[in-house]
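The next block holds one structure in the form of structure tokens; read it before the comments.
We name chains A, B, ... by the order of the sequence lines, and we start the count at 1 in each one.
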Amino acid sequence: MTKRDWQPLDRSFYARDPRLVAPGLLGTLLAHGQAVGRIVETEAYLAADDPAAHAYRGRTKRTEVLFGPPGHAYVYRTRQHRCLNVVVQEEGVPGCVLVRAVEPVAGIGLMRSRRGDVPDSRLTDGPGKLCQALAIDMLHYGEDLCGKGKVSIFGGDHDVSEVRTTPRIGISQAKDWPLRYVFAA
DNA sequence: CTTACGATTCCC
DNA sequence: GGAATCGTAAGG
């Protein structure tokens, strides 16, 4: 075996601590139909004792899927935008990973038709922007990302170079925790 | 029912 | 720096 084909990430990949899954997702491909992006920025939200996590205040209708099995989509709204998370850890443990940015790989024309006439560099460089570019919305709440749904994440012969951590963006609690992951380069 | 508040984005 | 804008969650 030399080069591994791109294939949906297995559920066991997601059944781990968000601090392991978040960096592991860097370099993988997020796909919805013809629109594909390379994940380049993620954030970990911990299942317990993380005041910035949505699950911190318990199980509600919105956070329901976080308590389910790993590998499913947790989509939520903030202002007029959507954000995509992947549920991680075993069922009952509400850890998750927020996908904060991707680089356009395929379907760029489609992305621009949804995002407007912006440069490629601004097409998918934010959690709300990438959801708009890939047309990910509340319809995908709870969807299986392991290859059975319309939105999937593929791994394979991807970049596994060094990862750097920084504090998470846009939160008011646990501001200093180094749970944002980007490529070192 | 009422109120407060965003894991954001875009414009001034 | 500030507004847009609306569902969610909590409290009366």
Original post:
Do other residues, nucleotides or ligands put more than 12 heavy atoms under 6.0 Å from A:D176 CG?
Top reply: yes

**OP:** In plain terms, say whether A:D125 and A:R100 are close enough for a salt bridge, that is, a side-chain N and a carboxylate O under 4.0 Å apart.
**Re:** no

Original post:
With both distances under 3.5 angstrom, what nucleotide forms a Watson-Crick or G-U wobble pair with C:dT5?
Top reply: none

**OP:** Hunt down the Watson-Crick or G-U wobble partner of C:dA10, both distances under 3.5 Å, from any strand shown, or write none.
**Re:** B:dT2

Report which part of the nucleic acid [X] touches: base, sugar-phosphate, or nothing (heavy-atom distance under 4.0 Å, all strands).
X      : value
A:Q80  : base
A:C96  : base
A:R168 : nothing
A:R180 : nothing

Subject >> A:Y45 aromatic ring stacked with six-membered ring of B:dA7, 5.5 Å and 30° >> reply: yes

Quick check on [N]: is either OP1 or OP2 less than 4.0 Å from any side-chain nitrogen or oxygen of [X]?
X      : N      : value
A:K129 : B:dC10 : yes
A:R100 : B:dT8  : yes
A:R122 : B:dT8  : no
A:T78  : B:dT8  : no
A:H54  : B:dA7  : yes

Subject >> Euclidean distance, atom OH of residue A:Y76 to atom P of C:dA9 [Å, nearest integer] >> reply: 13 Å

Subject >> Candidates A:V21, A:I39, A:V87 - the one meeting side chain to side chain contact (heavy atoms under 4.5 Å, CB included) with A:V97 >> reply: A:V21

